[in-house]
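Chain letters run A, B, ... following the sequence lines, proteins first and then strands; every chain starts at 1.
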Amino acid sequence: MASLPIASSQDSKEMSKFAFELLATSRRARRGRLTTPHSVVETPVFMPVGTQGTMKGILPEQLITMDCRILLCNTYHLGHRPGHEIVGEAGGIHKMMNWPRSILTDSGGFQMVSLSKLMTLDEEGVRFESPHTKEITNLPPEECIRVQQNLGADIMMQLDHVVHTLTTGPIVEEAMERSIRWLDRCEDAHTKDEQTIFPIVQGGLNMELRKKCAEEMAKRAKVGIAIGGLSGGEDKSSFWRVVAACCDWLPPHLPRYVMGVGFAVDLVVCSLLGADMFDCVFPTRTARFGTALVRRGGQLHLKQARFANDFSPIDDRCECHSCKTYTRAYIYSNIAKETVACHIVSVHNLHHQLQLMKDVRQSIVDGKEEAFLNEFLNEYYEGGSVPGWVHDAAQHMGYTIKQSRGEMEERKHKAKHEDVVELKKEKKEVTVA
Amino acid sequence: MVHFSVGLSTQIGRVGSISKWGNAQLTQQTPSFMVYTRSGHIPHLTWEVVDTQLRLNQTPIYQMTLPSLIEMVGQIAVYKGDARGFCGMPRDSILHLSVLDPLTDRKVGYNDTTTVAIWNHTGKRSVSVPSLIKWCREMEVNSVDSLLDYEFTPETTLKRMNKAVDRTNQWLESIRCQMEDDMGVIACAGGGHSGQHRRKMAHYISSLEGTPIHSVNIDLGGINMEDENTSDLINESINPLDENILRICQGSFSPVEISLLLSKGIDIFDSSWPIKQAEKGIAFEVSAEYPIDSSFSTIDFTLSTLKSDHTSPFPSCKCYTCSKYTRAYLTHLCNTHELLAPLLLVIHNLTQWDRMFQLARDSIHKHSN
Ligand SMILES: [Zn+2]
Ligand SMILES: [Zn+2]
């Protein structure tokens, strides 16, 4: 790797407030500890998403009971309502939402592309029409950081030039190059020591571009780095290969955040590939429709009539408050009628994700990831065949999977990232200067 | 059965104390309120949140609303346990089963000789005496309302109103005969806007032979609280009753209306009004001089007037919501229709409702000296 830039005094002040320590590694997998000004985060970690500065009816105290250490909030949404100035006046997002632990904010770029009808982009920045006010807003990288500094999250994301995952041609390289220039502008605008910026590795599914981008971004990264442009409808084979390659190229001292990943099998495979941080809206969004996440079989759709007289908990091995208190039958009777049913499932789903990551971390410490992976897959696919991409990824890492190889590509865990779905639905043109 | 004794009676209201509720021991000072529930929950609060963040002054009686439970009674019957277990409630919860939901409109024209019509998301459901008794046993509630024919509108004929009185009285008699002795059967005194029918129902209750009636649900359905003769109508229901009978008034009443009902000597209400306000995005606070000064202030968080107000919703309130969050944040939650908005407002409004009854009890004691 090229020589690292010499840290300025401001950088060192910022970096003294953050730390990342590798506690154990096993093959590619890493068990780490990220320290931010607000909390210690055990990695690999799943970050629940509280889009509007609240976790779908779950109190911060309940998240602490589950030992959740870090949340993600969406800059695009908070920028609109209540507005970043108001959050700033409130003393920042932590104080406003009564969350004492770490927060990560995204750049808002992804939602601009997916939620705004009109969006244009040039070297200067992104311009978009607000779906709420119809106003045209300019968002150059400097403004993106100003907004995120007002929000006050521990980790900010750089503004990047988002192109759809499946895009090919020269635009992918242009977008990647531009994202590097924009990172520099973000860092120039960054003034607060108690916040850090994660660069985002782009480059679509082109490995050459990914490699170049990983090197350039790693040079500039201070605390951690993100792998972006995935979970956008690419095939699973490309997905894991990009994650694997980026993890190979990135230096070990940076925690690696794979954006938008939240399905259990993806979390397990990516963790073993050497990724450290993940986020997804899925566990809380799906709770509203009565879908509970479980180790055995992946999901339970509690609206189905077969649960009407099922008096067992969602998961009899789960230690969450919901599983100790409520039956499937009770949830079945109340889903879509009473908000408490949604709260009950959300508590379980978040606990499920956090517990899964806890088990992943333990398996890395014990050096027993192979056994864990097999046990996990056996339950998740209920003894049936395991998708080919999981087999390929495992083989790449040198693990043996005992279950047979299935030809189906993710039979029931198709991407449900709502933003992505919306992105495809709208099929809008993004003009690029 | 319900053990109740009246302490002081004043112009403002009367204080009393409950020592037994159905088959459960309970110490509760009145005036007080039953905690309104839907589907076995305080709306928007899981029992985890109630346990960790809601602090009430007295052990509550939970008002279980039959319309929200009727679709679940079949499951509870199969389930190895009672309604508490099925709904995730604390094991020792004291439950009262209300046949009608105070937040659901009544539609007249559907009650017949053996059943009362109630309404929920599936439409109309009919409740008969045998089914009510069966459900009480399966749910293991501590008390229940007797059935009331609430067919009283200005258009209802005299003949139909007389019939409503006869049916209600018959149903009470039959529930009293068939129900276990330790179940708290709350007699219903209705009659709507008709003074003579209100008086008839109350007289019947006071004239009953056998185990004396210990508590009466004074039904105010169909009465406009702002009408001049409301006070007289309530008197028609109360005057025939023995003073030591516990007087319950279920319904969605504002603090101003509660203060009027307190002065009539009502002992127990419910908490449907604060829940309804929370669901509309409204928080309220009563005056420290309640009920002498029954005025109350409200904040409507659906308006954007307080969007940059970073102070506590009500700085003197000690509830979880007021100690941890700001007016600006609650405005944001209401504007974005987030589930946390009604949750936080329910916690505040219930805390405030509880404080209101504490103030009422204190005030009655103070003014008797
Ligand atoms: Zn659980
Ligand atoms: Zn309060």
Original post:
What residues, two or more places apart in sequence or in another chain, satisfy ring pair (Phe, Tyr, Trp, His ring centres under 6.0 Å) together with A:H351?
Top reply: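 A:H351 satisfies ring pair (Phe, Tyr, Trp, His ring centres under 6.0 Å) with no other residue.
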
Original post:
Who in residues 330-339 of chain A is close to chain B, using a strict under-4.5 Å heavy-atom cut-off?
Top reply: A:Y330, A:Y332, A:S333, A:N334, A:K337, A:E338, A:T339

**OP:** Go through the steps to decide whether A:N98 and B:Y329 satisfy the test side-chain contact (heavy atoms from CB on, under 4.5 Å), and finish with yes or no.
**Re:** CA-CA 10 Å; A:N98 177 36; B:Y329 186 58; over 6 Å; no

Subject >> Interatomic spacing from NE2 in A:H343 to CG in B:L45 - rounded to 0.5 Å >> reply: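 CG of B:L45 is found 9.0 Å from NE2 of A:H343.
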
Original post:
Measuring from B:L343:CG to A:L59:CG, what's the distance to the nearest 0.5 Å?
Top reply: 5.5 Å

Side chain / backbone / both / neither for [X] at chain A, heavy atoms under 4.5 Å:
X      : value
B:E338 : side chain
B:H121 : side chain
B:L344 : side chain
B:T326 : neither
B:F86  : both

Minimum side-chain heavy-atom gap [X]-[Y] below 4.5 Å:
X      : Y     : answer
B:T331 : A:P82 : no
A:V340 : B:R38 : no
B:T46  : A:Q62 : yes
B:Y320 : A:E61 : yes
B:L340 : A:K56 : no

Original post:
What is the minimum heavy-atom distance between B:Y325 and A:P60, and which atoms define it?
Top reply: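 Here B:Y325 and A:P60 meet closest at OH-CD, 3.3 Å.
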
**OP:** Would you name the heavy atoms of B:Q75 and A:F311 that are closest together and state the gap between them?
**Re:** O-CZ, 3.4 Å

**OP:** Considering only heavy atoms and a distance below 4.5 Å, find which of B:K307, B:M89, B:E71, B:K80 pairs most often with chain A.
**Re:** B:K307

Original post:
Of all of B:C87, B:A328, B:S308, B:P43, which one pairs up most often with chain A through heavy atoms under 4.5 Å apart?
Top reply: B:C87

**OP:** Step by step, work out the side-chain contact (heavy atoms from CB on, under 4.5 Å) result for A:T54 and B:L333.
**Re:** CA-CA 8 Å; A:T54 156; B:L333 295 176; 3.4 Å; yes

Original post:
Within the side chain of B:Y79, is there an N or O that forms a donor-acceptor pair under 3.5 Å with the backbone of A:T327?
Top reply: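 Checked: no pair found.
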
Original post:
Has the side chain of A:H321 got a donor or acceptor atom that lies under 3.5 Å from a matching backbone atom of B:V49?
Top reply: no

Original post:
Given the rule in the side-chain contact (heavy atoms from CB on, under 4.5 Å) test, do B:E48 and A:T325 qualify, once you have shown the distances and angles that lead to the verdict?
Top reply: CA-CA 9 Å; B:E48 180 185 14; A:T325 313; over 6 Å; no

Original post:
In terms of heavy-atom pairs under 4.5 Å with chain B, which of A:M97, A:E85, A:R81, A:K95 leads?
Top reply: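 Of A:M97, A:E85, A:R81, A:K95, A:R81 has the most heavy-atom pairs under 4.5 Å with chain B.
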
Original post:
Between A:G57, A:G91, A:G53, which residue shows the highest count of heavy-atom pairs closer than 4.5 Å to chain B?
Top reply: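 When all of A:G57, A:G91, A:G53 are compared, A:G57 has the most.
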
**OP:** Give a yes or no on whether B:D105 atom CG has more than 12 heavy-atom contacts from other residues, nucleotides or ligands under 6.0 Å away.
**Re:**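 Counting neighbours around CG of B:D105, 12 or fewer heavy atoms of other residues, nucleotides or ligands fall under 6.0 Å, so no.
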
